[in-house]
Enquirer: 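Please read through the structure below; I'll follow up with questions.
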Amino acid sequence: MISSGRTHYAAEVNDTMIGQQVRLAGWVHHRRDHGGLIFIDLRDRTGLIQIVCEPDNAGFDVAYRVRSEYVLGVTGVVRARPEGMVNAELASGQVEVVPSEVILYATAKTPPFNVTDAKLVDETLRLKYRYLDLRRPELTANLILRDRSLMAIRQFFHRHGFLDVETPALARSTPEGARDFLVPTRIKPGHFYALPQSPQIFKQLLMVGGLDRYYQIAKVFRDEDLRADRQPEFTQIDVEMSFVDQEQVLDLMESMLHDLFKAVLGERLERFERMTWHDAMRLYGSDKPDLRSGPPLCTLTDVARTLDWPVLREAQAVVGFTLRNYRPSRRELDQWGQQARELGANGLLWLVHETDGLRTSASKFLSSQDLARLADAAGSEPGDAVLIVAGQGWHPYEVAGQLRLSFARQAGRVEPGWRFLWVTEFPLFEWSEEEGRFVSAHHPFTRPVSEDEVLLESNPAQVRSQAYDVVLNGIELASGSLRIYQPELQARVFDVLGLSRDEAQAKFGFLLEAFQYGAPPHGGIAFGLDRLLMLMAGADSIRDVIAFPKTARGTDPLMDAPSTVDPSQLRDVHLEIRK
RNA sequence: GGAGGCGUGGUGUAGACGGCCUAACACGCAUGCCUGUCACGCAUGAGAACACGGGUUCGAAUCCCGUCGCCUCCGCCA
């Protein structure tokens, strides 16, 4: 079970093993020298165990010289700790090991930061010495969580008849979507591979290939700016299935997550909630609502129509939300007002609902009757406050949705728990102002809702898609759809996207051609594994669940990547750096 | 591309109303003492010119400008 250098890990040694000889190996976590009696806390990936050296023990001389992070092999006998000396914090705290031999495998320089200290140091330094950072129990635990999760996920898919198929990392650049990482090659001057943003097209081709059920734990790459939950390379749980409807995909993926949480965290999840995209926008001003952060928004447009104040009366949409039982300070109201303006709103209207009446930022413009009607429509009661945003389209919803999240965080009203949600019926297209055309909301292979197909040419903005997202606590975890498998329908969608037949042929011809040889109805989904693990681990950034992540600027302080290359390498791939 | 925050011994922080700072505290490190500790204890000691460059000033860690690095957010991420 364990290689010859040791018989047990630290956390495995316990009071059932008293009198037994064990071989342990690990790093010196702490050394406590009592002058003649030396304790060493030996650390491996499972935890700590106390080694006790008295002057007549073998290995005392080694123990005497040992410093933090030295690497030791210890052979010795397990014994019970004396009365009252048990350490309840340690798995092995009932016992200690008296060595008969201590091997010093390696000495260590004093580390640039304290591995044993829970206090976090500068992240760049941690990344530069990531191998030291990984020794910290939290990070070790996160990687163990990652391993356990991958195991549970693979078992689930295996059990359900999925095949793990690898797809190329050297693929071709496709239009739409994120910026590609390009890979030049000796073989064809001026031509580039692209690293996949997702295995999307390959998995669809696998369905045409009759593989029926595919999954892959796939590395994918996007050359875009980074965030706490975005890295230039990250891992997807990529899934595709043939001959399924949306309901079957949702059901199966939900049970995958149920299994995962049960197996790894011992958590029993509730059935996921469901919401259409339209409702998500209307009720939360977001396509990834955080259901933990208090009550939804309310649309006040109808009431606003009846008011005297033109700013509200003539606004296309008026949206409010109620701060239950909360009396905001002037400063908070100003701050939210500023946030609203930063998000592009013209302003923020607030009402504070006192027991003896309503205070408002717009007392000059709204009669007390009007105020009462607004407050009433927002469902507010004495002791509450209401924030109201007016504007066009979904914008006031989005602003109000942001304010809702800010308020919940500030006021400590984010409830604990795992609030999973399926968001469905995303629009098929979004209008892109900068490109002056419709672009795919999900991707160009997404299947429209059947009854909306007739609207493709007449009213593309109204077409709903058979696309769905998994949202957990306000974070998008997965995104998927049923795909188009009829070449004619695909051609119509390309038309809406403004992709000419020739362009479509040039860029996706291979896919269109494949669909002419008998494509099954199919659909799938892709999970952001790192985000999922981040939430499971309670981490603030996906960097904490990735062994060797990059900084927010995309650099790797450990290897110092990206780097310049030798001119001869550039010549090989027919590139010249523009000065 | 934009906004904000941060950058002080090995680490984490304090100092920031400019002079009391030839920079403080804790951890770590070194040396010594200590046979039951587990963030061991005690004593002694070494270690930074305050990210870098420029400016203001009699005088700058402390004010101003720029550069670099890191973090967060917006844009971007089908």
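Letters A, B, ... mirror the listed sequences (proteins, then strands); counts begin at 1. Predicted, not measured: the structure shown is a model, and the values here were computed from it.
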Enquirer: Given 3.5 Å as the limit, does a donor-acceptor pair link the side chain of A/T555 with the main chain of A/P557, or not?
Expert: no
Enquirer: For A/V121, answer base if it contacts any base atom (sugar-phosphate contacts may also be present), sugar-phosphate if it contacts only those atoms, and nothing otherwise; contact means non-hydrogen atoms under 4.0 Å.
Expert: sugar-phosphate
Enquirer: Rounding to an integer number of Å, can you tell me how far A/L132 CG sits from B/rG10 P?
Expert: 17 Å
Enquirer: In whole Å, I'd like the distance from the CZ atom of A/F113 to the C1' atom of B/rU13.
Expert: 18 Å
Enquirer: Say you draw a straight line from CD of A/Q410 to CD of A/Q335; how long is it, rounded to the nearest 0.5 Å?
Expert: 4.5 Å
Enquirer: Tell me which nucleotide, if any, is Watson-Crick or G-U wobble paired with B/rG18 when both distances must be under 3.5 Å.
Expert: none
Enquirer: Does CG belonging to A/D122 count more than 12 external heavy atoms closer than 6.0 Å?
Expert: yes
Enquirer: Using a 4.0 Å heavy-atom cut-off, does A/S68 contact any base of the nucleic acid, only the sugar-phosphate backbone, or nothing at all?
Expert: sugar-phosphate
Enquirer: Give none if B/rG41 has no partner; otherwise give the nucleotide forming a Watson-Crick or G-U wobble pair with it, both distances under 3.5 Å.
Expert: B/rC33
Enquirer: Using the C1' atom as the point on both nucleotides, what is the distance between B/rC71 and B/rG47, in whole Å?
Expert: 29 Å
Enquirer: Quickly work out the A/R179 CZ to B/rG75 P distance and round it to whole Å.
Expert: 15 Å
Enquirer: Take A/Q236 and A/S198, measure what side-chain hydrogen bond (donor to acceptor under 3.5 Å, both in side chains) needs, and give me the verdict at the end.
Expert: CA-CA 8 Å; A/Q236 288 188 339; A/S198 89; 4.8 Å; no
Enquirer: I need the A/S432 OG to A/L497 CG distance, nearest 0.5 Å.
Expert: 11.0 Å
Enquirer: Rounding to an integer number of angstrom, what distance separates B/rG19 and B/rG2 when you compare their P atoms?
Expert: 36 Å
Enquirer: Under 3.5 Å, is there any donor-acceptor pair linking the side chain of A/R222 to the base of B/rC77?
Expert: no
Enquirer: Considering only heavy atoms, which members of residues 480-503 of chain A lie under 4.0 Å from some atom of RNA chain B?
Expert: none
Enquirer: Got a second to check how far A/M281's CE is from A/F426's CZ, nearest 0.5 Å?
Expert: 9.5 Å
Enquirer: Picking from A/R31, A/R32, A/H29, what satisfies side-chain hydrogen bond (donor to acceptor under 3.5 Å, both in side chains) with A/D41?
Expert: A/R32
Enquirer: Send over the distance from A/Q402 CD to B/rC73 C1', rounded to a whole Å.
Expert: 10 Å
Enquirer: Identify whether any heavy atom of A/E342 sits under 4.0 Å from a base atom; if not, whether one sits that close to sugar-phosphate; answer base, sugar-phosphate or nothing.
Expert: nothing
Enquirer: Could you tell me the Watson-Crick or G-U partner of B/rC25, where both distances fall under 3.5 Å? Say none if there is no partner.
Expert: B/rG12
Enquirer: For the atom pair CG (A/L182) and CZ (A/F221), what is the distance rounded to the nearest 0.5 Å?
Expert: 13.0 Å
Enquirer: Taking B/rA3 as the reference, what is the distance to B/rA23 when you measure between their C1' atoms (whole Å, please)?
Expert: 33 Å
Enquirer: Report the base-pairing partner of B/rU72 (Watson-Crick or G-U wobble, both distances below 3.5 angstrom), or none.
Expert: B/rA3
Enquirer: Kindly check if the number of other-residue, nucleotide or ligand heavy atoms within 6.0 Å of CD (A/E89) is above 12?
Expert: no
Enquirer: Strictly under 3.5 Å: I want the nitrogen or oxygen pairs between protein and nucleotides 66-72 of chain B, one per line.
Expert:
from: B/rC70; atom 1: OP1; to: A/T555; atom 2: OG1; distance (Å): 3.1
from: B/rC71; atom 1: OP1; to: A/A552; atom 2: N; distance (Å): 3.0
from: B/rC71; atom 1: OP2; to: A/A552; atom 2: N; distance (Å): 2.9
from: B/rC71; atom 1: O3'; to: A/R543; atom 2: NH2; distance (Å): 3.2
from: B/rU72; atom 1: OP1; to: A/R543; atom 2: NH1; distance (Å): 3.3
from: B/rU72; atom 1: OP1; to: A/R543; atom 2: NH2; distance (Å): 2.8

Enquirer: Starting at atom CZ of A/F221, determine the distance to atom C1' of B/rC77, rounded to an integer number of angstrom.
Expert: 16 Å
Enquirer: Which value, in whole Å, describes the distance between the P atoms of nucleotides B/rU56 and B/rU44?
Expert: 46 Å
Enquirer: Would you say A/F510 has more than 12 foreign heavy atoms packed within less than 6.0 Å of its CZ?
Expert: yes
Enquirer: Side chain of A/E224, heavy atoms from C-beta onward: which of B/rG75, B/rU31, B/rC77 has the nearest atom to it?
Expert: B/rC77
Enquirer: Grab the CG-C1' distance between A/D469 and B/rC77 for me, whole Å please.
Expert: 13 Å
Enquirer: Give me the distance, rounded to whole Å, that separates B/rC21 from B/rG32 when you measure between the P atoms they each carry.
Expert: 34 Å
Enquirer: From OH of A/Y129 over to C1' of B/rU11, roughly how many Å is that when rounded to an integer?
Expert: 12 Å
Enquirer: For atom C1', what is the distance between B/rG69 and B/rA51, given to the nearest Å?
Expert: 8 Å
Enquirer: Okay, side chain of A/E503, backbone of A/S500: is any donor-acceptor separation there less than 3.5 Å?
Expert: yes
Enquirer: Return the nucleotide paired to B/rA46: Watson-Crick means purine N1 to pyrimidine N3 with N6-O4 or O6-N4, wobble means G-U with N1-O2 and O6-N3, both under 3.5 Å.
Expert: none
Enquirer: Expressed as a whole number of Å, how far does the C1' atom of B/rG59 sit from that of B/rU22?
Expert: 15 Å
Enquirer: Got a second to check how far A/L499's CG is from A/R437's CZ, nearest 0.5 Å?
Expert: 7.5 Å
Enquirer: Using the P atoms only, state how far B/rG18 lies from B/rA61, rounded to an integer number of Å.
Expert: 13 Å
Enquirer: Would you give a per-nucleotide map of nucleotides 32-49 of chain B, 5' to 3', where B means the base has a protein non-hydrogen atom under 4.0 Å away, S means only the sugar-phosphate does, and - means neither?
Expert: --BBBBB-B---------
Enquirer: Expressed as a whole number of angstroms, how long is the span from A/Q236:CD to B/rC77:P?
Expert: 16 Å
Enquirer: Out of A/R483, A/R447, A/Q204, which one pairs with A/H522 under the side-chain hydrogen bond (donor to acceptor under 3.5 Å, both in side chains) rule?
Expert: A/Q204
Enquirer: To the nearest 0.5 Å, how far apart are OH in A/Y284 and CZ in A/F321?
Expert: 12.5 Å
Enquirer: Under 4.0 Å, counting only non-hydrogen atoms across every strand here, what does A/I38 touch: a base, just sugar-phosphate, or nothing?
Expert: nothing
